[in-house]
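Reminder, nothing fancy here: chain letters follow the sequence lines and each chain counts from 1. Just so it is clear, the values below take in all heavy atoms, side chains as well, and ignore hydrogens, waters and symmetry mates.
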Amino acid sequence: MIELILAEKLKMAVQELYQQQIDDKQIQIQETKKEFDGDFTIVVFPFVRLAKKSPEQTAQQIGDFLLHSTEEISDFNVVKGFLNLVISSDFWLTYLKNQENIKKIGFKEPTSESQTILVEYSSPNTNKPLHLGHIRNNLLGYSVAKILKAAGNKVYKTNIVNDRGIHICKSMLAWQKWGNNITPESANKKGDHLVGDYYVLFDKEYKKEINALVATGMDEDIAKKEAPLLKEAQEMLRKWEAEDSEVRELWKTMNDWVYKGFDVTYKKLGVDFDKIYYESDTFKLGKTEVMRSLKENTLYQKEDNSVWADLTNEGLDHKLLLRSDGTAVYMTQDIGTAILRHNDYKFNNHVYVVGNEQDYHFKVLKILLKKLGYNWADNLFHLSYGMVELPEGKMKSREGKVVDADDLIDKMVKTATEMSKELGKLNEMDANEAEKINYTTALGALKYFILKVDPRKTILFNPKESIDFNGNTGPFIQYTYARIQSLLRKAKEQNISYSAKLNIDITDKEKNLIKLIYKFEQVVQEAAQKYSPALISNFTYELAREFNQFYHDTKVLVESDNNKKEFKLTLSDTIGQVIKNAFSLLGIDVPNRM
RNA sequence: GGCCUCAUAGUUCAAGGGAUAGAACAAGAGUUUCCUAAACUCUAGAUUCAGGUUCGAGUCCUGGUGAGGCUACCA
């Protein structure tokens, strides 16, 4: 890496010129800003004191030294305390030429030293269909897994399905009461949507009961607990845990409807998993662990038989782990799941892609696991992402205030289709192929829209404004890729074969493009370190924008100098491959034409 | 009340303590006898407020204001 060479030479320079040792922390090598000449910039302010000279003089001195001692440096200039180094064209051309396997450009293969990383994402509840918030989760999880893998780790994607609990009992109860044996087939509706309808219905009826009780003079908080529907749902959960056959039967039937629906949505989104865990399988281990710790007095039991952890020493509250009726809560099963997974994979690192509303939950989970004696809990990492909000606020499934995942995807496809029709892009193509491309573009727009934002930040989504297809968008980058492929097809038609060249003059723009290709691998590493697909998005956008400018001012195929023409084709081809690879990390496909 | 996030053009997003705070959309003005105009070029427009640390702060610290989240025998 050229930056490392520069850093070493800089150390030598300071040693030679000022007889001082410097450590890595003082070394600041950054890319030179566009408005200045150069490729890399050394910030010399930290050395001014050692040099006992002005920043300009110091920079000049170090620059002189580096120019003479480093073959990669062809020139330098000084602006205030900034030493701008120019790297020779030769270096960049050689770099491009040395890319032998461009299909894998930027990606690292796992080795025996590689870390095993689990990425948990999706984690759906089986009582309602997926909405835009889940889309963000799924896209983030899938992308982070891809990025970690590309950075050289062994990665397994897992999904814990929250298939048991009071929430699913609510849907079941409502269906039992008011469903008249309706099925997805008879209703001609996706199973997850059908079950979701009954979840909403439960809430509606539940609220009616609360209001009725409040009208009799009962306090609202008490009414919430005393409403007969809730009591029935709780009774159903007890029966479920006692393995009552009738309840289990209904539970299995309705969950299967939901899974069928989820599979369709997952497929549309292009996400998948290496292993699916079910809470109904893991909660028992959680309960066993809790009971064990209770015996060991790490936990305590109240008079009503509920089991608690005292976390006041950690500055937190008391946390419930088993209800007074003995049933498990969310935390109980998550303890079980974590232990099971550690047994299964012996992971070095376990990333949980879960919304930031659960920050407290994961803080507690780690503490509890350590209390139970599992020191690997330190290796759990909660990738806490921001919510997707609507202009009127948070999405709420119970109240039906959501942007449904399936609806949104369909709408995007419709918009993409209209757009390509309007632009007359796919007119000569057969309908099947055109449909495929519209789909690719639609999902590219949606995925990029979500993933370009820093995961930690809240996303505001306005359903009234459609997601853009122009500017800093997925389709913009897909379009760039398609144009490159078109260029390469034309070259092929003209029987031009090409390879990278040395010893030619290249423009600044071309050098910048090679620099961006060079940077890709580092961007992947950084994205892996920060769990941030947004870094990949931003990088790819910059690359596409730079390429479009190059494409606009240079005509590749009419270039008279054959060496230059071949270089430009190689450059374009490589950039196309970088775009493709980068987008694959976001789970976005690139079309050969659009 | 306590704890945790966040705050940048009209809007949606960028900016590892470093140079003149970048883009896109929207607004306005242009570019097609030329490899795809879903492109390219130009104009106008922003760091919530008050302090502090630093040679240097959008970035770090303190406080104020505003928004969101958590603080459930929901998940």
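When heavy atoms are screened at a 4.0 angstrom cut-off, A:Lys457 is found touching the sugar-phosphate backbone but no base atom. Counting non-hydrogen atoms under 4.0 angstrom, A:Leu237 reaches nothing in the nucleic acid. Heavy atoms of A:Ile166 sit under 4.0 angstrom from primed sugar atoms or phosphate atoms, though from no base atom. When heavy atoms are screened at a 4.0 angstrom cut-off, A:Ser420 is found touching base atoms of the nucleic acid. Among the heavy atoms of the strands, none lies under 4.0 Å from A:Thr327. Residue-level contact check: A:Asp325 touches neither bases nor backbone, having no heavy atom under 4.0 Å from any strand. A:Ile459 comes within 4.0 angstrom of sugar-phosphate atoms only, judged by non-hydrogen atoms across all strands, and of no base. Nucleic acid contact class of A:Lys490 (heavy atoms, under 4.0 Å, all strands): sugar-phosphate only. If you check every strand for non-hydrogen atoms under 4.0 Å, A:Ala491 touches nothing. Contacts of A:Val329 with the nucleic acid, taken as non-hydrogen atoms under 4.0 Å apart, involve only primed sugar atoms and P, OP1 or OP2.
Distance check on atom P: B:C49 versus B:G10 gives 13 Å, rounded to whole Å. When the P atom is used for both B:A7 and B:A14, the distance is 9 Å, rounded to whole Å. Spacing between B:A19 and B:C40 at atom P, rounded to whole Å, works out to 26 Å. Here the separation of B:A9 from B:G16, taken at their C1' atoms, is 24 Å to the nearest Å. For B:A75 and B:A15, the P atoms lie 37 Å apart once the distance is rounded to whole Å. A gap of 42 Å separates the C1' atoms of B:G1 and B:G22, to the nearest Å. Straight-line distance between the C1' atoms of B:A57 and B:G18: roughly 10 Å, to the nearest whole Å. Taking atom P in both B:U8 and B:U47, the straight-line distance is 11 Å, to the nearest Å.
Annotated stems with RNA chain B as a participant read B:1-7 with B:65-71, B:10-13 with B:22-25, B:27-31 with B:39-43, B:48-52 with B:60-64, given as range with range, by first number; only runs of 3 or more Watson-Crick or G-U pairs under 3.5 Å qualify.
Counting to the nearest Å, the P atom of B:C73 and the CG atom of A:Leu321 are 11 Å from each other. The CD atom of A:Glu226 sits 19 Å away from the P atom of B:A72 (whole-angstrom rounding). As rounded to whole Å, 11 Å separates atom C1' of B:C35 from atom NZ of A:Lys565. Look at CZ on A:Phe461: it is 13 Å from P on B:U12, rounded to the nearest Å. To the nearest angstrom, C1' of B:C73 lies 8 Å from CG of A:Asp304. Counting to the nearest Å, the C1' atom of B:G22 and the NZ atom of A:Lys34 are 9 Å from each other. What separates CD1 of A:Ile367 from C1' of B:C3 is a distance of 13 Å, to the nearest Å. Look at CD on A:Glu279: it is 7 Å from P on B:A75, rounded to the nearest Å.
In this structure, A:Tyr531 and A:Phe381 have parallel ring planes: the angle between them is below the 30° cut-off, well short of the 60° mark. Relative orientation of the A:Phe539 and A:Phe520 rings is parallel, given thresholds of 30° and 60° on the angle between their planes.
Proximity of A:Arg456 to the phosphate of B:U5: no side-chain N or O atom is located under 4.0 Å from OP1 or OP2. In terms of phosphate contacts, A:Tyr541 brings no side-chain nitrogen or oxygen within less than 4.0 Å of OP1 or OP2 of B:G22.
The side chain of A:Arg164 lies closest to B:A75, out of B:C34, B:U36, B:A75. For A:His167, the listed nucleotide lying nearest its side chain is B:A75; candidates were B:C25, B:A37, B:A75. Listed nucleotides: B:A75, B:U36, B:C73. Nearest to the side chain of A:Leu320: B:C73.
No hydrogens or angles considered: nothing links the side chains of A:Asp39 and A:Thr32 as a donor-acceptor pair under 3.5 Å. A:Asp589 and A:Thr440 are not linked by any side-chain donor-acceptor pair at a separation below 3.5 angstrom, with hydrogens and angles left out of the test. For the residue pair A:His167/A:Asn162, the side-chain donor-acceptor check at 3.5 Å is not satisfied. A donor-acceptor pair shorter than 3.5 Å cannot be found between the side chains of A:Ser324 and A:Asn305.
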Do any N or O atoms of the protein come closer than 3.5 Å to N or O atoms of nucleotides 53-61 of chain B, and which pairs are they?
none

Just the atom pairs and distances: protein N or O near nucleotides 40-46 of chain B's N or O, under 3.5 Å.
{"residue": "B:C40", "atom": "O2'", "partner": "A:His552", "partner atom": "ND1", "Å": "3.0"}
{"residue": "B:U41", "atom": "OP1", "partner": "A:Gln549", "partner atom": "NE2", "Å": "3.1"}

Tabulate atom names and distances for all N/O pairs under 3.5 angstrom spanning the protein and nucleotides 19-21 of chain B.
{"residue": "B:A19", "atom": "OP2", "partner": "A:Lys33", "partner atom": "NZ", "Å": "2.7"}
{"residue": "B:A19", "atom": "N6", "partner": "A:Thr41", "partner atom": "OG1", "Å": "2.9"}
{"residue": "B:A19", "atom": "N6", "partner": "A:Asn84", "partner atom": "OD1", "Å": "3.3"}
{"residue": "B:A19", "atom": "N1", "partner": "A:Asn84", "partner atom": "OD1", "Å": "3.3"}

Would you tabulate the pairs of protein nitrogen or oxygen atoms and nucleotide nitrogen or oxygen atoms of nucleotides 65-71 of chain B closer than 3.5 angstrom?
{"residue": "B:G68", "atom": "O2'", "partner": "A:Glu389", "partner atom": "OE2", "Å": "3.3"}

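Base orientation at B:U41 is anti, since its O4'-C1' glycosidic dihedral falls outside 90° of 0.
Aromatic pair A:Phe283/A:Trp240: centroids less than 6.0 angstrom apart. Between A:Tyr199 and A:Phe202, the distance separating the two ring centers is not shorter than 6.0 angstrom.
At a cut-off of 3.5 angstrom, the base of B:C35 holds no donor-acceptor pair with the side chain of A:Ser486.
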Residue pair A:Lys34, A:Glu546: steps toward the salt bridge (charged side-chain N to carboxylate O under 4.0 Å, His left out) verdict: CA-CA 12 Å; A:Lys34 283 217 178 101; A:Glu546 289 282 320; 3.2 Å; yes
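In this structure the side chain of A:Phe82 reaches within 4.5 angstrom of the side chain of A:Phe45, judged on heavy atoms. Using a 4.5 Å heavy-atom cutoff, the side chains of A:Gln60 and A:Val78 are in contact. Side-chain contact between A:Leu443 and A:Met412: absent, with no pair of heavy atoms (C-beta onward) separated by less than 4.5 Å. You'll find the side chain of A:Lys366 stays beyond 4.5 Å of the side chain of A:His382, heavy atoms only. Looking at heavy atoms from C-beta onward, A:Ile276 lies in side-chain contact with A:Val161 at the 4.5 angstrom threshold.
The shortest heavy-atom contact between A:Val43 and A:Gln30 is CG2-NE2, 3.7 Å. Here the closest non-hydrogen pair linking A:Val402 and A:His131 is CG1-CD2, 3.8 Å. The two atoms that bring A:Met236 and A:Cys169 nearest to each other are SD-O, 3.6 Å, heavy atoms only.
In terms of the side-chain contact (heavy atoms from CB on, under 4.5 Å) criterion, residue partners of A:Thr473 (sequence neighbours excluded) are, by chain and number, A:Asp468, A:Pro475, A:Phe476.
Other residues, nucleotides and ligands contribute only 12 or fewer heavy atoms inside 6.0 Å of the CG atom of A:Asp508.
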